[in-house]
Amino acid sequence: LQAPLARRVAAARGAVRDTASRHEELQRKAVSLGERAAQQEGAARSELDKTKADLSEAQEQMAVKEKESARLREETAARVEELKEAEAQLRAALVDLDAAKAREREQGARHRAQVNTLESLQNEVEQVRAAAARDDAQRLAAERLAEAAAENASSQRNRLEEELAKARADAARSADLLASEKAAHQDRLAKVREEHQQKAEGAQRQLVQERETLQGQHSQLRAEHQKKVENARREVDDQRKAHATALDEHRGRLLERERQNGVLEGKLHALGSEAEVLRSRVKDLEEQLRSAEVSSEQRRQENGQLQRDLEGIQASASKHRETAEWRASGGRTAEEEEEEEHFTTSDVEVACMLLGSVTFVMSLFCLVNYPDDDIRRYTWKIISSTISIFTAVLLFQGINEWVRIKLEDVSELTRCAITFAHCLVYLICLQVQIGWLSGAMFEYEAVDLEEKEWVIADSMLAEYGNVVKENEVRNPKGQKSVTLMFGSMEVAVQRRPVEKEKRMRRMRCWATLLAHMAGFAAINAGGSLQHLEMFAASPWMACVPIAVVMAAILAVFQLSAAFRALRKRAAADAGRAGVRAHLFDEEVSEAENDILSLCTSFLVVQVVRFALLGTLPNEEGLVEPEQPQPWSKIAMLYGAGLLFASLAAVLMAAMARRAGEGGESEDSRGLATLLNTCGMCFAWCCLWGTRCVCVRLPVFDMQSMMGRVMLALLLSAVTCGAVFLLDIISDTMAASGGSLAGQARVIQVVIGALSIL
């Protein structure tokens, strides 16, 4: 007995020594890896410093080139000033020429005045001659008067002739002077024009040459500087990426080494504990061996008694063997029948619920920790939407039951009107809540939604999303960096608009919850209207409440759209960008689409079930009394669901083609709502078809808790499996080169359908 124990102890001690040696070797390797990582980090930092120095040198060269370009621009400006002075001189010469032309026109006017004076003098001479003739004629009558008149006329004639000669001489001199001045001015103007033309052409040629030279030098300098800057930036980015990749790899290897060291330390600790246990067991065995040697003599004495006891045991064993054979043949004693535990139906249902819940929760754990990022994202989206629908159903049913109790004594028409008012209350709450959360309403303090702050970007930490001070960030000039936490651990941080994202999360939460509550209220209103005697007569008449509900909801939507347009216009008139109004409009529009799709799809499927089954379901979608339906009608219900799914696929293709042609059209919202409605119709058909199958099969009892639990687990399993269908759709659209907007719309439709299931 001691030999095997000694061997085990020796083996354990050898394993402990080997583990200790391996642990020391791993520690040495970890230290060497840390030193190597530090060396590589130092080399990378030195290369980065060198690159920064090259970049600063390139910037200095660029500054020198910019100074030279500025000097050339100043010289060009001086040449332009000289050209402007030459143009000013040319303008002065033109002004002198205009003045000369004015003097010429003045002298011409003066010459014309002298000519007119000469003509008037000639006319006077002729008149004098006529008067002399008349005087000669009257000479016989009055010689004295004639002689006086003759003398007077001769003297006047001489005077006039002298004045006429003098005027003619002045006119000739003026004409000669004007001709000479005109010729001088014309010569001077020609010379000035020729000189100015030569100067202008020379200055223009020189300016064009200098401008072309400067432009060539400037473009060359700019191209060289841009090239150097791009090369330096590219090298810095490559080195930064390589450095970050190397650091990540070293960090991952170090973490893996530390993890392995921790595992080995745990194993070492376990082996040490096991060795201590083995040592204690060896001591115990040694004590037992000594006591066994002491009591061996006593055992020899007891052998006889043991032999007799053995014979008694053999007899008892034979008796028990006979009893076991009798039990195997079907016999059972009265005591066993009394001690047997009986399980009720409730015990079995609770056990199935417990096992199903554990299985479902473990499946969710597997999906939210799946290696594929898309599957994790789609799982969280379905969980979020399902929780929202579940919460909305519970809240709405509680409030609606209270309203129903208060309205027991009113007429059916009054009850229908109150259900519509109930839906209107949720729609108003949706508008007010989203307007307040977005800041488009009731915000009296100015908040910058675009202001970015540093936050922790590692989603594996409990501090994910917490704000970090800028002085604690290593590189606060970029968009992504690292900070130190817990002493020496580097944590990734990122600049993000914290206030805007917080408001968007809150808006999405409340919009989804209130949209589903408003959708269920609209379903209740439409169902109450469908159960009026006039509309419950036939499936065709049951379609009328669908149009009434859609018209009422669309009227409310138009009023809310007009209100949101007023908020946008007010923001534009105030000179703001309208970010809050845009968030308000976008979130409310998506919520309104969900409301319309949810209520329309449920009411349409109600009409389809009425046409197939012959009975109009109640407001909750249940057929009372619930009877097994033929397989043909169940198949037709599934076929209707496939028809809606096919219509949704056609709408997806049409919207993808329209998106590929470019631009969002005005009816894109209507097409998106119709697409979402078809997807939800498919989900409702699958839900009620599966319920009919469970009622049809004898295995499930839908009137009991067990049947409902099995139906819930079955649909939940189908929903969990459909997450992989979402991944296939996403990968297929990405491979075909589809737009991101179309892909998001398709995924959102499938998620809405799966959330209903």
Side-chain angles (χ1 to χ4, degrees), residues 356 360 382 385-386 389-390 393 519-520 523 526-527 530-531 536 538-540 542-543 546 597-651 674-726 729 749-757:
F360 179 66
I382 291 176
S385 183
T386 304
I389 291 178
F390 185 73
V393 167
F520 291 131
I523 289 173
Q530 281 181 338
H531 281 80
S538 65
W540 292 108
C543 294
I546 301 177
S597 301
L598 184 60
C599 70
T600 306
S601 62
F602 185 86
L603 296 177
V604 168
V605 174
Q606 289 281 86
V607 174
V608 172
R609 294 174 66 197
F610 187 16
L612 293 178
L613 306 180
T615 304
L616 180 63
N618 60 11
E619 290 87 346
E620 296 180 357
L622 300 176
V623 179
E624 297 176 349
E626 196 167 19
Q627 299 293 335
Q629 301 294 333
W631 289 110
S632 58
K633 293 184 178 181
I634 297 175
M636 293 175 66
L637 186 57
Y638 278 115
L642 292 177
L643 180 62
F644 285 118
S646 302
L647 180 59
V650 173
L651 289 173
L674 182 60
L675 173 63
N676 200 13
T677 303
C678 292
M680 289 186 178
C681 287
F682 165 72
W684 289 118
C685 290
C686 291
L687 175 62
W688 299 121
T690 307
R691 186 178 180 89
C692 290
V693 170
C694 294
V695 173
R696 179 73 179 176
L697 295 176
V699 179
F700 303 101
D701 183 11
M702 297 307 297
Q703 300 300 326
S704 64
M705 183 62 66
M706 183 59 143
R708 299 176 184 177
V709 169
M710 295 303 297
L711 176 61
L713 292 176
L714 177 62
L715 293 178
S716 299
V718 172
T719 305
C720 291
V723 174
F724 295 93
L725 175 63
L726 289 175
I729 293 174
V749 170
V750 180
I751 287 175
L754 294 177
S755 301
I756 291 177
L757 291 180

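What you see is a predicted model, and the numbers here were worked out from it, not measured in a lab.
For the atom pair Ser601 OG and Gln606 CD, the distance stands at 10.5 Å (nearest 0.5 Å). How far CG of Leu613 is from SG of Cys692: 5.5 Å, rounded to the nearest 0.5 Å.
Every side chain to side chain contact (heavy atoms under 4.5 Å, CB included) that Ile523 has, sequence neighbours left out, goes to Phe520, Leu598, Cys599, Phe602. Residues satisfying the side chain to side chain contact (heavy atoms under 4.5 Å, CB included) test with Glu620, not counting sequence neighbours, are Asn618, Leu622. Every residue two or more places apart in sequence or in another chain that forms a side chain to side chain contact (heavy atoms under 4.5 Å, CB included) with Ser538 is listed here: Trp540, Met541. Evaluation of the side chain to side chain donor-acceptor pair (under 3.5 Å) rule for Thr600 yields no partner, not counting sequence neighbours.
Taking each heavy atom of Trp631 and Val693 in turn, the nearest pair found is CZ3-CG2, 4.2 Å. Taking every heavy atom of both residues into account, Gln629 and Arg696 meet most closely at O-CD, 3.3 Å. Contact between Val605 and Cys685 at its shortest, heavy atoms only, is CG2-SG, 4.1 Å. The minimum heavy-atom distance linking Gly621 with Arg609 is given by the pair O-NH1, 2.6 Å. Scanning all heavy atoms of the two residues, the minimum distance from Ala542 to Val607 falls at O-CG2, 3.8 Å. Between Leu675 and Ala648 the shortest heavy-atom distance is CD1-O, 3.2 Å.
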Which donor-acceptor pairs under 3.5 Å do the side chains of residues 634-642 make with protein atoms, sequence neighbours left out?
from, atom 1, to, atom 2, distance (Å)
Tyr638, OH, Thr690, N, 3.1
Tyr638, OH, Thr690, OG1, 3.1

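In this structure the side chain of Trp684 never reaches within 4.5 angstrom of the side chain of Val608, judged on heavy atoms. At a threshold of 4.5 Å between non-hydrogen side-chain atoms, the residues Thr615 and Gln627 do not count as touching.
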